[in-house]
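Below: one structure, written as structure tokens.
Computed from a prediction, not measured in an experiment: that's the story for all the values here.
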Amino acid sequence: MKLKQTIKKHRISIIAFVLGAVGGYLYWYYVGCLTGTCPLKKLWYYDALLGGLIGLFIADIIVSIIKKRNKGKGKNEIN
């Protein structure tokens, strides 16, 4: 029961992390490192993790901006 509540509460962050991770993987797959000497682009899971974190940070910024705007209007649509 508590797991469902936690997932519901953090659903935007989870979706953003997954989308970012997919984007990071696709970056590794299509761009990647041709020589194999690039430390961040050599292994697919580095790029997927970095993409997930970037997606998480961007989602956090967007959610905080929306909350600030809605707070001034007396609304709080995103929890």
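Between the side chain of Arg11 and the main chain of Lys8, a donor-acceptor pair closer than 3.5 Å is present.
A distance of 8.0 Å separates CZ in Arg69 from CD1 in Ile66, rounded to the nearest 0.5 Å.
Placement of Ile14 and Leu56 in two distinct hydrophobic clusters is found when ILVMFWY residues are connected by side-chain heavy-atom separations under 4.5 Å, directly or transitively. Taking hydrophobic clusters as Ile, Leu, Val, Met, Phe, Trp and Tyr residues chained together by side-chain heavy-atom distances below 4.5 Å, Tyr29 does not share a cluster with Leu49.
Take Ile15 and apply the side-chain contact (heavy atoms from CB on, under 4.5 Å) test, not counting sequence neighbours, and it matches Leu19.
The two residues Ala16 and Gly55 have their closest heavy-atom pair at CB-O, 3.4 Å. Nearest approach of Ile12 to Val63, heavy atoms of both residues: CG2-CG2, 3.9 Å. The minimum heavy-atom distance linking Phe17 with Leu53 is given by the pair CE1-N, 3.8 Å.
No option in Lys9, Lys4, His10 other than His10 meets the side chain to side chain contact (heavy atoms under 4.5 Å, CB included) test with Thr6.
Counting heavy atoms from C-beta outward, Ile58 and Ile54 have side chains that approach closer than 4.5 Å.
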